[in-house]
Trainee: 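Can you read through this structure? Questions will come right after.
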Amino acid sequence: MDLTYTPQEEDFRARLREWLAKVLPTLPPKPSPDDWPARRAYDLGWQRALYDAGYAGVHWDSSPTTRLIFWEETERAGAPYVGACFVGLLHAGPTIAAEGTPAQRERWLPPILRGEEVWCQGFSEPEAGSDLAALRTRARRDGDDYVVSGTKLWTSHAGVADWCELLVRTDPAAPRHRGITWLAMPMDAPGVTVRPLRTLAGSAEFAEMFLDEVRVPVANRVGAENDGWRVTMVTLSFERGTAFAGEVVACRRVLGELAREARADGRWDDPALRRRLGRLNAEFRALWRLVQCNAGESETAAGQVPGVAGSVFKLRYSHARQELYDTAAAVLGPDCLDLDRPWVLDRLSSLSYTIAAGTSQIQRTIVGERILGLPKGR
């Protein structure tokens, strides 16, 4: 596979780099990490700036390779991350673009791209663990509505979201993977209660969500009734395939900062530390090539939906990120307990990566069964 960029793609890179250099110095200061309403406004404002400059559509209307250039250049320039727009831009939006009706695409995609609406993800449940298909949130049909009751956990950005990509069980008698439906639920619907959850790092980006007889129009169903598991696999393919591309670039930047810090404080003289940094450099260079490879393969596939190779990437990236920030702790020494030092909160956050977006155990199962052709476990 040719992983070099075409002249047209390099021209896009140059124009984007020039625009970033001009606009980034004009941005207002970033809000406090704990002020989610302010963070929502800041993230939507950045998305609107991208839209006005003609770059918002890169997420869906451009080739995967162009999207990688976008992530590469925005991260290297220190541009704001998608933040509260994460689910809409990288999960729900691409899913609706691939699976939604023309009316659904017209209703939901433009507000996401214009920085007008925030989405959250209502997949995980308290008693389902890493087995997403074990969800119990029920939805019964009542005329033109589904009436939904249940509980969701780790609902990303629920406290500031306008919409929720919601998985519900519409046929309890069907085999568990066949009775699930994907709905777009308005977060201001009567019966929706959100309770913030504070993480180890002190952030409240997640929440519990309680649904009590919430009415969701049937018109908000993406895909057919009871076909939600297949639609969910599309969502998760985007989540595991390309949504972390910008983070790989960020990790490579952090790796360079760690090397400079180690040289400044004398820890560079430790050969074991230098070996760790060298191995991580090779690791993240390989991961970036894997991202490029996965993007190239999805570029030739119908609908440009990432394939199961995204699980290979997610599995290795999760562990590499943890190793990176463990190495950061070694560079910081005793200061690794100081929450005001760089990389300390990132280290706490990295602990979740082998659980979030599909546990490493689940990713190994997917790789074993769908790529290596190993028999299913009993």
Side-chain angles (χ1 to χ4, degrees), residues 36 39-40 43-44 47 59-60 81-100 104 108-109 111-112 117-126 128-137 139 148 150-169 180-189 192-197 199 203-211 214 216 220-223 228-244 247 305-306 310 314 318 349 352-353 355-359 362-363:
W36 273 100
R39 289 183 64 178
R40 169 194 159 103
D43 295 338
L44 289 177
Q47 181 60 29
H59 298 292
W60 308 324
Y81 189 52
V82 289
C85 300
F86 183 88
V87 175
L89 283 171
L90 305 181
H91 294 187
T95 302
I96 294 168
E99 298 290 333
Q104 290 171 340
W108 287 312
L109 299 187
I112 293 174
E117 293 180 343
V118 169
W119 283 67
C120 63
Q121 185 180 75
F123 283 13
S124 301
E125 295 193 5
S130 60
D131 186 2
L132 182 58
L135 66 92
R136 299 182 180 181
T137 295
V148 182
T151 304
K152 294 293 180 177
L153 190 64
W154 309 119
T155 308
S156 307
H157 308 309
V160 293
D162 303 291
W163 293 90
C164 176
E165 52 172 358
L166 184 71
L167 293 187
V168 297
R169 188 162 297 283
I180 295 172
T181 298
W182 200 106
L183 300 177
M185 181 185 72
M187 290 296 288
D188 61 355
V192 178
T193 301
V194 174
R195 182 182 301 166
L197 293 171
T199 68
S203 172
E205 63 190 270
F206 300 112
E208 291 179 288
M209 188 167 64
F210 303 93
L211 309 174
V214 180
V216 179
N220 289 17
R221 184 187 69 219
V222 176
W229 186 254
R230 183 191 61 80
V231 179
T232 301
M233 291 302 100
V234 172
T235 305
L236 296 181
S237 293
F238 285 112
E239 182 178 42
R240 297 164 186 169
T242 55
F244 291 111
E247 295 192 23
V305 175
K314 170 61 173 59
S318 297
S349 175
S352 70
Y353 274 66
I355 300 173
T359 67
I362 292 295
Q363 305 306 328

Trainee: Step by step, work out the side-chain contact (heavy atoms from CB on, under 4.5 Å) result for V82 and D43.
Mentor: CA-CA 6 Å; V82 289; D43 295 338; over 6 Å; no
Trainee: With V194 as reference, evaluate E208, K152, M187 under the side chain to side chain contact (heavy atoms under 4.5 Å, CB included) test and give the passing residue.
Mentor: M187
Trainee: Find the distance between OG1 (T155) and CG (L197) and round it off to the nearest 0.5 Å.
Mentor: 8.0 Å
Trainee: Dump the intermediate steps for side-chain contact (heavy atoms from CB on, under 4.5 Å) on T151 and T137, then the final yes or no.
Mentor: CA-CA 6 Å; T151 304; T137 295; 5.6 Å; no
Trainee: Could you pull out the closest heavy-atom pair between C164 and Q121, with the gap in Å?
Mentor: SG-C, 4.2 Å
Trainee: Picking from F86, W163, W36, W119, what satisfies ring pair (Phe, Tyr, Trp, His ring centres under 6.0 Å) with H157?
Mentor: W36
Trainee: Could you work out, with side chain to side chain donor-acceptor pair (under 3.5 Å) as the rule, every residue matching D162, not counting sequence neighbours?
Mentor: R40
Trainee: To the nearest 0.5 Å, what is the distance between OG on S124 and CZ on F206?
Mentor: 9.0 Å
Trainee: Rounded to the nearest 0.5 Å, what's the gap from CG on L183 to CG on L167? Could you check?
Mentor: 8.5 Å
Trainee: Any chance you could measure I96, atom CD1, to W108, atom CH2, to the nearest 0.5 Å?
Mentor: 5.5 Å
Trainee: Can you list the steps and then say if L44 with C85 is a side-chain contact (heavy atoms from CB on, under 4.5 Å)?
Mentor: CA-CA 7 Å; L44 289 177; C85 300; 3.7 Å; yes
Trainee: Which pair of non-hydrogen atoms, one from G93 and one from I112, has the smallest distance, and what is that distance?
Mentor: CA-CD1, 4.1 Å
Trainee: Find out whether F123 and T232 are in side-chain contact, i.e. whether some heavy atom of one side chain is under 4.5 Å from a heavy atom of the other.
Mentor: yes
Trainee: To check you understand the geometry: which heavy-atom pair defines the closest contact between G88 and P94, and what is its length?
Mentor: O-CD, 3.9 Å
Trainee: Let's go through F210 and V192 carefully: what are the C-alpha distance in whole Å and the side-chain angles of both, what is the deciding distance for side-chain contact (heavy atoms from CB on, under 4.5 Å) to 0.1 Å, and is it a yes or a no?
Mentor: CA-CA 6 Å; F210 303 93; V192 178; over 6 Å; no
Trainee: To check you understand the geometry: which heavy-atom pair defines the closest contact between A158 and A207, and what is its length?
Mentor: CB-CB, 3.9 Å
Trainee: Is the shortest heavy-atom distance from the side chain of E99 to the side chain of W182 under 4.5 Å?
Mentor: no
Trainee: For a 4.5 angstrom cut-off between non-hydrogen side-chain atoms, does L211 reach L166?
Mentor: yes
Trainee: Out of V148, V214, V168, which one pairs with M185 under the side chain to side chain contact (heavy atoms under 4.5 Å, CB included) rule?
Mentor: V214
Trainee: E125 side chain to L153 main-chain N or O, any donor-acceptor pair under 3.5 Å?
Mentor: no
Trainee: State whether the side chain of Q104 and the backbone N or O of R221 hold a donor-acceptor pair below 3.5 Å, judged by distance alone.
Mentor: yes
